[in-house]
Trainee: 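Can you read through this structure? Questions will come right after.
Please read all numbers here as calculations on a predicted model, not as lab measurements. Chain naming here is simple, since letters A, B, ... match the order of the sequence lines and numbering starts at 1 in each.
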2 protein chains.
Amino acid sequence: MATARGRIDKRQAILDGAFTVFARQGYAQACVQEIANEAGVAKPTVYNHLTDKATLFRHAMQAAARSVLEQRLAALQPLTEPGPDLRAGLEEVGARLIRLHADDRSCALRRLLYAEITHFPDILGLVVESGPQRLSQALADRLARLTLAGRLNATDPDQAAEHFLALLIGPLETRSQMGTRQIGDAELDEIARAAVRTFLHAFGAEGVSGRHPAG
Amino acid sequence: MATARGRIDKRQAILDGAFTVFARQGYAQACVQEIANEAGVAKPTVYNHLTDKATLFRHAMQAAARSVLEQRLAALQPLTEPGPDLRAGLEEVGARLIRLHADDRSCALRRLLYAEITHFPDILGLVVESGPQRLSQALADRLARLTLAGRLNATDPDQAAEHFLALLIGPLETRSQMGTRQIGDAELDEIARAAVRTFLHAFGAEGVSGRHPAG
DNA sequence: ACTCTGTTGAACTCATGGGTTCAATTTAGC
DNA sequence: GCTAAATTGAACCCATGAGTTCAACAGAGT
């Protein structure tokens, strides 16, 4: 063994396994032995790569946060080259975001963050700032462009983005009982459609807003 | 001792102390001895009233949830007899709700719920169902009345309530970094005003909606 | 073949903390 | 004052789990 590649693979396996176990058990109840098992590795190997249980936790959270963020940014794609039907584009983005948010790893990340924010205040910096913050920022950029193009009426793009995300995530969170209950695709789409409807009433350009649409 | 009153007082002190310590340390890291100290009581007394650490946790959470719910329902008061200025009434309710949501105990309750939902799935029933659920329900009732009175246009009051709360809580949650950062009164009011603005665009009666208000 | 580095499993140390026991003490009600 | 129930503090038992040690082992480069 001992090749650089091998080491990196082990390290990655450890971080993945760690996140899996932390997600299942929480920080305190997760035991390092179980993490080692999950990663297919011996306990001392874990301590060889990550000094502490605490640093193990930090790195696992950071890695998970990074991968979640990537997916989310990618979900904004349809808004960079929006088609003729803006409503459809927004609903598409909403549907994607909501599915990512309801994903198991994503839920687990949020849960762990909430749970351990008291004991690891520094993790907030690593995760939130490269989480909702960046997503909201990127979304605001798109909304600003759409407003300049006269297809939207978001004078304050940051607030528009904030409200768009709130209208998506809030209802999802309450209906899924904080990620406990699984939600069917139909209901997810309905949540996204409803969010877009309210959003367009508030921020749609005159012609698009459609005070009394379909429903 | 042994008088009924005395027992109840001790029990209440224990539950309060338990919630305080759990909020500070999380379930796993909280030790019963510390809870006993916080409650000004000996350790065996704790076990005399509540059999387990687990049941102690459950009862503490339930008690906290109950008190939080009461406050929230009371905050809806201004909507039962709304004055002539509906926007002002909604902003008042929004400001109250947002302050309650940002309250320390409330944040701690949410954190603990998120944190231990995996180990105590039954707590969700005791808390959520008598938490956001009931609040959303009560709010929907008010919105329905306002719609019947022609002062609002909430065809689906449940969804309107859902979106109103989402517009309040979502931005609060992101800006307060999940309850970590303290937020000034001015910013809280601004969040509430913005939420009401978007809400009225979507659900305001024709005359009230005011597509381009003040800002 | 030799070596160096990383891995492994098992055993070990040690601190923490849940839960119990018990004798001494308090307190309420009579 | 007497009794019975509740409280108290201290000591105790025991399981769990973090982190370490170590001897044996595997593989890559020379």
Side-chain angles (χ1 to χ4, degrees), chain A residues 1-62 112 115-116 118-120 122-123, chain B residues 1-62 112 115-116 118-120 122-123:
Chain A
M1 202 74 64
T3 171
R5 187 72 243 154
R7 283 213 66 184
I8 290 178
D9 285 351
K10 285 256 153 93
R11 187 190 171 87
Q12 195 55 49
I14 291 173
L15 289 179
D16 286 352
F19 184 79
T20 303
V21 175
F22 282 136
R24 206 164 43 217
Q25 314 270 11
Y27 176 75
Q29 349 269 50
C31 80
V32 178
Q33 181 60 61
E34 191 178 348
I35 291 176
N37 294 345
E38 182 79 26
V41 143
K43 189 162 67 144
T45 304
V46 174
Y47 285 101
N48 185 22
H49 287 264
L50 291 310
T51 50
D52 252 349
K53 189 185 181 185
T55 58
L56 176 56
F57 184 64
R58 268 183 260 264
H59 284 83
M61 290 289 280
Q62 195 171 5
L112 284 171
E116 305 301 335
T118 313
H119 300 86
F120 299 88
D122 55 297
I123 287 188
Chain B
M1 199 75 61
T3 172
R5 188 72 243 156
R7 283 212 65 182
I8 289 179
D9 286 351
K10 285 256 151 94
R11 187 190 172 88
Q12 196 54 49
I14 291 173
L15 289 180
D16 287 352
F19 184 78
T20 302
V21 175
F22 282 135
R24 206 164 44 216
Q25 313 270 11
Y27 176 75
Q29 350 269 48
C31 79
V32 178
Q33 181 60 61
E34 191 177 347
I35 291 176
N37 295 343
E38 182 79 28
V41 142
K43 190 161 69 141
T45 304
V46 174
Y47 284 102
N48 184 23
H49 286 265
L50 291 311
T51 49
D52 251 349
K53 188 187 182 186
T55 58
L56 176 55
F57 184 64
R58 266 183 262 263
H59 283 83
M61 290 290 280
Q62 195 173 5
L112 283 171
E116 305 302 334
T118 314
H119 300 86
F120 299 89
D122 56 295
I123 287 188

Trainee: Report the distance from atom CG of A:N48 to atom P of D:dA26, rounded to the nearest whole Å.
Mentor: 18 Å

Trainee: Side chain of A:T20, backbone of A:D16: donor and acceptor closer than 3.5 Å?
Mentor: yes

Trainee: Donor-acceptor pair, distance only, cut-off 3.5 Å: does the side chain of B:K10 make one with the backbone of B:A39?
Mentor: no

Trainee: Looking at D:dA6, I'd like to know if its phosphate oxygens (OP1 or OP2) sit under 4.0 Å from a side-chain N or O belonging to B:H49.
Mentor: no

Trainee: Could you pull out all residues at least two apart from B:Q33 that satisfy side-chain hydrogen bond (donor to acceptor under 3.5 Å, both in side chains)?
Mentor: B:N37

Trainee: Rounding to an integer number of Å, can you tell me how far A:L50 CG sits from D:dA18 P?
Mentor: 14 Å

Trainee: Take the protein atom CZ of A:R11 and the nucleotide atom C1' of C:dG6, then report the distance between them rounded to whole Å.
Mentor: 15 Å

Trainee: From C-beta outward on B:K10, which listed nucleotide comes closest to its side chain: D:dT7, D:dT21, C:dT7?
Mentor: D:dT7

Trainee: Can you list everything that forms a side-chain hydrogen bond (donor to acceptor under 3.5 Å, both in side chains) with A:D52? Sequence neighbours excluded, please.
Mentor: none

Trainee: Under the rule for ring-ring contact (aromatic ring centres under 6.0 Å, His included), what residues qualify as partners of B:F22, not counting sequence neighbours?
Mentor: B:Y27, B:F57

Trainee: Does anything in residues 17-35 of chain B reach DNA chain D, meaning a heavy atom under 4.0 Å, and if so which residues?
Mentor: none

Trainee: Please give, in whole Å, the distance from C:dT8 P to A:K43 NZ?
Mentor: 14 Å

Trainee: Quick check on the helix from C:dA1-D:dT30 to C:dC30-D:dG1: what's the angle between its two end axes, five base pairs per end, to the nearest 10°?
Mentor: 20°

Trainee: Taking B:H119 for its side chain and A:Q25 for its backbone only, find out whether a donor-acceptor pair lies under 3.5 Å.
Mentor: yes

Trainee: Measuring from A:M61:CE to A:D122:CG, what's the distance to the nearest 0.5 Å?
Mentor: 10.5 Å

Trainee: In whole angstroms, how far is the C1' atom of D:dC12 from the OH atom of B:Y47?
Mentor: 14 Å

Trainee: When rounded to the nearest 0.5 angstrom, what is the spacing between CZ in B:R58 and CG in B:L50?
Mentor: 11.0 Å

Trainee: Can you name the residues that form a side-chain hydrogen bond (donor to acceptor under 3.5 Å, both in side chains) with B:E38, not counting sequence neighbours?
Mentor: B:R24

Trainee: Could you pick out which residue, B:T45 or A:K53, lies toward the 5' side of DNA chain D when each is mapped onto its nearest nucleotide?
Mentor: B:T45

Trainee: In whole Å, what is the span from the CG atom of B:D52 to the P atom of C:dG17?
Mentor: 17 Å

